[in-house]
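See below for the structure under consideration.
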Amino acid sequence: MRGFVIAPFILLGIVVILVIAGVIYYFVYKSIINKKIENREYETGGSRRRLPSFGGVIAFILTILVIVGYINFNNKLNDIDDELSRANYNIELLGNRIYHLEDEISSLKEELIKQDSNVNYLKYSFGNYYEEDHTADVTFKLSLKNYSKTDVISLYFSEWGTTGELTQTGGGIFEGKIRTDIFNKIPDRIQYAVENDDTVATGMVMPESGSDEYDVTQIWEYYLLYPKYDIVSSEYKYNNGTLSYEIQGEIIPMNYVGHDISGLVKSVKIVTKLDDKVIDEYQTAAADCSFNLKESIEVRADQKLEFYAELTDKYGFIYRIPMTGWYDNTECLYISGMTIYNKDGNLLKEVYVNM
């Protein structure tokens with residue numbers, strides 16, 4: 001809310017009126033009132049009653065002016081603060097508009113590039129998974145606007161360190177399989193080359209999912225587990241070096257694209273860790289991953305207690321998800337994060353998980 005602000009000309013008028021009043025008071029005080037008081041002094045309660053001195057009147061006027069000036073200055077500061085808030089809001093609004101405008105420009109550029117390109121689309125889909133070396137087949141299908149029967153198409157995957165050739169299947173469609181590590185990611189852009197006799201035309205194309213059901217770029221998400229958890233309730237009580245806790249919840253084994261995971265989950269357990277030492281493991285059934293942890297342990301206030309879920313699948317991959325914990329006499333909730341290890345305990349992937 002805007003405060004009341006005294007306009008400069010009003011403030012100047014107040015000053016002039018106070019000064020005139022002070023001058024009039026001074027002359028009246030000097031010439032009339034004070035002389036009468038001096039000629040006719042009277043006692044009231046043992047003390048003489050006299051009108052204030054001119055210096056006192058000036059001090060009073062100055063005090064009033066300081067108070068009025070302070071109120072006016074403070075209200076102006078509030079107005080400036082309001083203006084700054086409005087300016088920050090407008091800047092943020094402008095930033096959002098610029099961000100959306102950049103998105104629109106980027107989309108427009110992509111559309112213009114696509115229209116100018118000889119490529120209609122490059123779509124991908126996932127095939128067989130090879131357990132022995134944790135690789136999978138990714139099928140790429142390229143559609144050209146202009147083509148000949150002698151065209152040879154190559155795709156270059158710099159991030160994968162490999163090259164793949166596509167075979168023409170008819171109607172300007174070229175198709176081929178690339179076998180790659182499941183922890184690779186589908187590149188945002190893929191370089192292609194169209195070779196015909198002595199000519200080679202190259203370009204970049206954005207791959208898109210060949211499925212209407214999912215849009216996966218992290219290959220592992222198609223094949224492996226994407227577990228989540230749900231903490232139903234948690235309670236911690238710390239008293240004289242003893243921490244009592246009760247935590248109820250469940251682990252939710254699932255696949256990112258909704259594949260049937262029957263037989264994929266081998267074991268599920270909840271691990272309790274104090275600082276860097278595992279102090280307890282609670283094993284759950286793979287079919288029913290609910291848990292109820294209730295315990296009292298000796299712990300210092302500066303120690304860190306952590307609970308995380310650890311799932312193992314039939315391929316030997318280990319999925320570790322931090323869930324909740326206690327540190328510095330406060331409950332800590334972990335809202336994201338999952339790490340995937342191989343059976344030897346080597347870190348393969350760090351994943352953001354939206355619980």
Side-chain angles (χ1 to χ4, degrees), residues 122-142 154-167 175-191 206-211 213-229 251-271 278 281 283-287 289 308-323 336-355:
L122 174 64
K123 295 185 177 182
Y124 62 88
S125 58
F126 301 111
N128 294 330
Y129 170 69
Y130 302 97
E131 184 178 348
E132 63 272 14
D133 59 358
H134 306 303
T135 58
D137 287 331
V138 183
T139 299
F140 289 91
K141 185 182 293 186
L142 181 74
S154 298
L155 299 180
Y156 300 94
F157 300 89
S158 57
E159 298 175 16
W160 299 357
T162 187
T163 303
E165 278 197 9
L166 306 185
T167 303
E175 190 172 326
K177 292 180 181 179
I178 309 295
R179 184 167 170 174
T180 186
D181 191 291
I182 62 168
F183 289 103
N184 279 336
K185 174 183 177 294
I186 301 294
D188 296 329
R189 291 174 178 272
I190 297 175
Q191 183 181 4
M206 294 179 61
E208 54 188 275
S209 175
S211 171
E213 299 178 1
Y214 59 83
D215 186 11
V216 171
T217 58
Q218 300 285 346
I219 300 174
W220 71 269
E221 293 177 347
Y222 184 82
Y223 299 96
L224 303 184
L225 291 173
Y226 197 91
K228 297 186 178 184
Y229 70 88
I251 308 301
I252 310 168
M254 57 183 294
N255 174 263
Y256 186 81
V257 299
H259 286 164
D260 182 12
I261 60 169
S262 300
L264 184 57
V265 181
K266 185 177 179 181
S267 66
V268 180
K269 63 182 178 181
I270 310 300
V271 179
V278 174
E281 292 185 355
Q283 198 82 30
T284 75
C289 302
Y308 59 85
E310 191 170 281
L311 295 84
T312 304
D313 68 17
K314 68 177 184 179
Y315 304 125
F317 292 116
I318 301 169
Y319 309 79
R320 185 173 297 171
I321 311 173
M323 296 189 302
S336 65
M338 176 175 71
T339 48
I340 303 177
Y341 301 84
N342 63 16
K343 60 183 179 181
D344 298 322
N346 298 317
L347 178 63
L348 300 174
K349 196 75 175 178
E350 291 181 304
V351 187
Y352 172 82
V353 179
N354 184 13
M355 297 300 173

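Predicted, not measured: the structure shown is a model, and the values here were computed from it.
- Looking at heavy atoms from C-beta onward, Met323 lies in side-chain contact with Ile251 at the 4.5 angstrom threshold.
- The side-chain contact (heavy atoms from CB on, under 4.5 Å) test applied to Lys314 returns Leu264, not counting sequence neighbours.
- Here the side chains of Tyr129 and His134 are in contact, with some heavy-atom distance below 4.5 Å.
- Tyr226 has its side chain out of reach of Ile261: every pair of non-hydrogen atoms, C-beta onward, lies at least 4.5 Å apart.
- Applying the ring pair (Phe, Tyr, Trp, His ring centres under 6.0 Å) rule to Tyr130 yields no partners; only residues at least two apart in sequence or on another chain are considered.
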Q) Going through the distances and angles, do Tyr222 and Val138 end up as a side chain to side chain contact (heavy atoms under 4.5 Å, CB included)? A) CA-CA 11 Å; Tyr222 184 82; Val138 183; over 6 Å; no
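- With sequence neighbours left out, the side-chain hydrogen bond (donor to acceptor under 3.5 Å, both in side chains) criterion links Thr339 to Tyr341.
- Applying the ring pair (Phe, Tyr, Trp, His ring centres under 6.0 Å) test to Phe140 and every residue at least two apart in sequence or in another chain returns Phe157.
- For CG of Asp188, the number of neighbouring non-hydrogen atoms (other residues, nucleotides, ligands) closer than 6.0 Å is 12 at most.
- By the side-chain contact (heavy atoms from CB on, under 4.5 Å) test, Asp260 is found to be paired with Ser262, residues two or more places apart in sequence or in another chain being considered.
- Residues satisfying the salt bridge (Lys or Arg N to Asp or Glu O under 4.0 Å) test with Glu281, not counting sequence neighbours, are Lys269.
- The shortest distance between side-chain heavy atoms of Ile340 and Tyr319 falls below 4.5 Å.
- Taking the six-membered ring where tryptophan is involved, the planes of Tyr223 and Phe126 are perpendicular, since the angle between them exceeds 60° and thus also 30°.
- Evaluation of the side-chain contact (heavy atoms from CB on, under 4.5 Å) rule for Thr139 yields Ser125, Glu175, Lys177 as partners, not counting sequence neighbours.
- Evaluation of the side-chain hydrogen bond (donor to acceptor under 3.5 Å, both in side chains) rule for Tyr214 yields no partner, not counting sequence neighbours.
- When the shell of 6.0 Å around CD of Gln283 is examined, it contains more than 12 heavy atoms from other residues, nucleotides or ligands.
- Not counting sequence neighbours, the partners of Arg179 by the salt bridge (Lys or Arg N to Asp or Glu O under 4.0 Å) test are Glu132, Asp133.
- Shown here are the side-chain contact (heavy atoms from CB on, under 4.5 Å) partners of Gln218, two or more places apart in sequence or in another chain: Lys185, Trp220, Glu221, Lys349.
- With Asp313 contributing its side chain and Tyr315 its backbone, the two residues share a donor-acceptor pair below 3.5 Å.
- Summarising the geometry of Trp160 relative to Asn184, their closest heavy-atom pair is NE1-CB, 3.5 Å, with the distance given to 0.1 Å.
- Contact detail for Pro322 and Gly337: the closest heavy-atom pair is CD-O, 3.6 Å.
- Between Pro253 and Val265, the shortest heavy-atom contact is CB-CG2, 3.7 Å.
- Annotation for Thr284 and Ile270: closest pair CG2-CG1, 4.5 Å, computed over non-hydrogen atoms.
- Checked options Asn255, Ile252, Leu311; the residue passing with Pro227 is Leu311 (criterion: side chain to side chain contact (heavy atoms under 4.5 Å, CB included)).
- Residues Ile219 and Thr180 are in side-chain contact: their nearest non-hydrogen atoms beyond the backbone lie under 4.5 Å apart.
- Contact annotation: the side chain of Phe183 approaches that of Leu224 to within less than 4.5 Å [non-hydrogen atoms, C-beta and beyond].
- Of the possible donor and acceptor atoms, none in the side chain of Tyr229 sits under 3.5 Å from a partner among the backbone N and O of Ala309.
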